[in-house]
Amino acid sequence: MNIVIIEDEIKTAKALAKMILSLQPSAQITATIQSVKTAVAYFSAQVSPDLIFMDVQLADGNCFEIFKRTEVRAPVIFCTAFDEYALDAFKANGIDYILKPFSADSLQSAFEKVTLLQNFFQVNEHASVQMNKLLDPVGKTGFLVFKNNKYSTIQTQDIACFYIRDEITTLVTAAGEEYGISQSLEELYKVLNPKQFFRINRQYLINYSAVKEVEHYFARKLMVKLNISTSGQLIIGKDKATLFLNWLDNR
């Protein structure tokens, strides 16, 4: 289970991480985030953990701003010193609400609730599909394309990237074939597996399997090279550089 902690107090975040790992030794803390701004950038980069522990009051504002500014797909356990936000929490992916100072018993109870929900959704076929979208998104598995007066299907696993130029979106296969499609990159993001695809900038959405190498670029940016040729350099800004490297490493 990949877990993200959103907590502005470093000592509290470390204590929470230690307690989580003592209760769930197989879990991985994939990120510790201290601010609304960083959280928005993190989730906008299509990184989706299995579970989130989130404080309400962060370094630069209220955590519910995160849900207004980006899509958060994972369920959330809120850990806060304030009890007046419980209703808002359960409207925002909340599955439990723990008041500080948290204890091993309160965390264990929260994990038991997660397990209970998982078991329920496994029994209920329709609900299971919905839960899987939250906990382990698979994403769209293929695309219907049209070229040379013929329709054909492209498996998502065979796609190297999508790019947009002059408001036209193009699908590029691992073999370098290109097909125009009607969806925008924003629409594609909603249907693709965020563990497999990353939007590196406004022009490109790339497949993990298509990444050949990554180089440091000036001003703390990164330059990505794919297994296929591209018309220009693929640059990741410094605000997304760390998120991208974490995404590459989160396998």
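These values consider heavy atoms only, across backbone and side chains, with no hydrogens, waters or symmetry-generated copies. Since the model is a prediction, treat every value here as computed from it, not as a measurement. Quick note: residue numbers are just sequence positions, from 1.
- Using a 4.0 Å cut-off between charged nitrogen and carboxylate oxygen, Glu65 and Lys68 count as a salt-bridge pair.
- Here Leu171 contributes atom CG and Thr169 contributes atom OG1; the two are 10.0 Å apart, rounded to the nearest 0.5 Å.
- Proximity of Ile52 to Pro75: side-chain heavy atoms (C-beta onward) are nowhere separated by under 4.5 Å.
- Considering every non-hydrogen atom in both Met19 and Ala104, the closest pair reads SD-N, 3.4 Å.
- Val36 places a side-chain heavy atom less than 4.5 Å from the side chain of Arg69.
- Here the side chains of Leu107 and Gln24 are not in contact, with every heavy-atom distance at 4.5 Å or above.
- Taking the side chain as every heavy atom from C-beta outward, Arg73 and Pro49 never approach each other to under 4.5 Å.
- At least one side-chain heavy atom of Thr30 sits under 4.5 Å from a side-chain heavy atom of Tyr42.
- For Lys190 against Glu71, the heavy-atom pair with the smallest separation is CG-OE1, 4.2 Å.
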Item checked: Pair Tyr179-Thr173, side chain to side chain contact (heavy atoms under 4.5 Å, CB included): steps then yes or no -> CA-CA 9 Å; Tyr179 300 87; Thr173 70; 3.9 Å; yes
Note to self: Quick one, Phe197 with Leu188, criterion side chain to side chain contact (heavy atoms under 4.5 Å, CB included). Give me CA distance, side-chain angles, the key distance, then yes/no.
What the structure shows: CA-CA 10 Å; Phe197 285 85; Leu188 290 169; over 6 Å; no
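- The hydrophobic cluster containing Leu99 also contains Val76, counting ILVMFWY residues as joined when their side-chain heavy atoms lie under 4.5 angstrom apart, directly or transitively.
- To the nearest 0.5 Å, atom SG of residue Cys79 and atom CD of residue Glu7 are 8.0 Å apart.
- Distance check, rounded to the nearest 0.5 Å: CD1 of Ile77 to CZ of Phe111 gives 6.0 Å.
- Contact of the Ile181 side chain with the Leu144 side chain is not registered, since no non-hydrogen atoms from C-beta on lie closer than 4.5 Å.
- Annotation for Ile10: atom CD1 does not count as buried by contact number, only 12 or fewer foreign heavy atoms lying within 6.0 Å.
- Salt-bridge formation is detected for the pair Lys113/Asp96: a Lys NZ or Arg NE/NH1/NH2 atom is positioned less than 4.0 Å from an Asp or Glu carboxylate oxygen.
- Remark: side-chain polar atoms of Asn201 are paired, donor with acceptor, to backbone N or O of Gln203 under 3.5 angstrom.
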Margin query: Set out, in order, the CA-CA distance, both residues' side-chain angles and the distance that settles salt bridge (charged side-chain N to carboxylate O under 4.0 Å, His left out) for Glu186 and Arg202, then state yes or no.
Written below: CA-CA 10 Å; Glu186 289 79 8; Arg202 292 186 177 183; over 6 Å; no
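- A donor-acceptor pair under 3.5 Å links the side-chain atoms of Ser44 to the main chain of Val40, judged by distance alone.
- Follow the hydrophobic side-chain contacts under 4.5 Å out from Leu23 and you reach Ile98 in the same cluster.
- The shortest non-hydrogen separation linking Ile236 to Lys240 is CG2-CB, 3.7 Å.
- Shown here for Ala241 and Arg220, the closest heavy-atom pair between the two residues is CB-O, 4.0 Å.
- Contact record, Ile3 with Ala27: CD1-CB, 3.9 Å, taken as the closest heavy-atom pair.
- Val224 and Tyr217 fall into different hydrophobic clusters, defined by Ile, Leu, Val, Met, Phe, Trp and Tyr side-chain heavy atoms under 4.5 Å apart, directly or through other members.
- Side-chain contact between Leu222 and Leu245: present, with at least one pair of heavy atoms (C-beta onward) separated by less than 4.5 Å.
- At a cut-off of 3.5 Å, with distance as the only test, no side-chain donor of Ser106 or Ser109 sits close to an acceptor on the other residue.
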Check: Where do Phe162 and Phe143 land on the ring pair (Phe, Tyr, Trp, His ring centres under 6.0 Å) test, with the steps shown first?
Finding: CA-CA 12 Å; Phe162 299 88; Phe143 288 81; 5.5 Å; yes
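- Taking CD1 of Ile33 as the reference point, atom CG of Leu58 lies at 9.5 Å (rounded to 0.5 Å).
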Checklist line | Step-by-step side chain to side chain contact (heavy atoms under 4.5 Å, CB included) determination, Met1 to Gln28 | finding: CA-CA 6 Å; Met1 178 183 291; Gln28 291 186 331; over 6 Å; no
Donor-acceptor contacts under 3.5 Å from residues 153-161 side chains, at least two apart:
{"unit_1": "Thr156", "atom_1": "OG1", "unit_2": "Lys140", "atom_2": "O", "d": "2.8"}
{"unit_1": "Thr156", "atom_1": "OG1", "unit_2": "Thr141", "atom_2": "O", "d": "3.2"}
{"unit_1": "Thr156", "atom_1": "OG1", "unit_2": "Gly142", "atom_2": "N", "d": "3.1"}

List the atom pairs, with distances to 0.1 Å, where a side-chain N or O of residues 11-18 and a protein N or O form a donor-acceptor pair under 3.5 Å, not counting sequence neighbours.
{"unit_1": "Thr12", "atom_1": "OG1", "unit_2": "Glu9", "atom_2": "OE1", "d": "2.9"}

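- Aromatic pair Tyr189/Phe43: centroids not less than 6.0 angstrom apart.
- Looking only at distances, no side-chain donor or acceptor of Asp166 sits under 3.5 Å from a matching main-chain atom of Ile168.
- Note that the NZ atom of Lys225 and the NZ atom of Lys212 stand 7.5 Å from one another [nearest 0.5 Å].
- Residues passing the side chain to side chain contact (heavy atoms under 4.5 Å, CB included) test with Ser229: none are found, sequence neighbours excluded.
- Here the two rings, on Tyr208 and Phe198, have centers that are 6.0 Å apart or farther.
- Within the 3.5 Å criterion, the main-chain N or O of Lys37 finds a donor-acceptor partner in the side chain of Asp60.
- Taking the six-membered ring for Trp and the full ring otherwise, the centers of Phe78 and Phe64 sit less than 6.0 Å from each other.
- Side chain to side chain, Asn207 and Ser209 meet the donor-acceptor criterion of an N or O pair below 3.5 Å.
- Contact between Ile6 and Ala39 at its shortest, heavy atoms only, is CD1-CB, 4.2 Å.
- Side-chain atoms of Lys147 come within 3.5 Å of backbone N or O of Glu178 as a donor-acceptor pair.
- Within the model, atoms CG of Asp50 and CG of Asn2 stand 5.0 Å from one another, a figure rounded to the nearest 0.5 Å.
- Residues Tyr163 and Ile206 are not in side-chain contact: their nearest non-hydrogen atoms beyond the backbone lie 4.5 Å or more apart.
- Using a 4.5 Å cut-off between side-chain heavy atoms of Ile, Leu, Val, Met, Phe, Trp and Tyr, with links allowed through other members, Phe146 and Ile164 fall into different hydrophobic clusters.
- Transitive grouping of hydrophobic side chains (ILVMFWY, heavy atoms separated by less than 4.5 Å) keeps Ile235 and Leu243 in distinct clusters.
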Check: Stepwise, does the side chain to side chain contact (heavy atoms under 4.5 Å, CB included) test hold for Phe53 with Thr32?
Finding: CA-CA 10 Å; Phe53 282 82; Thr32 300; over 6 Å; no
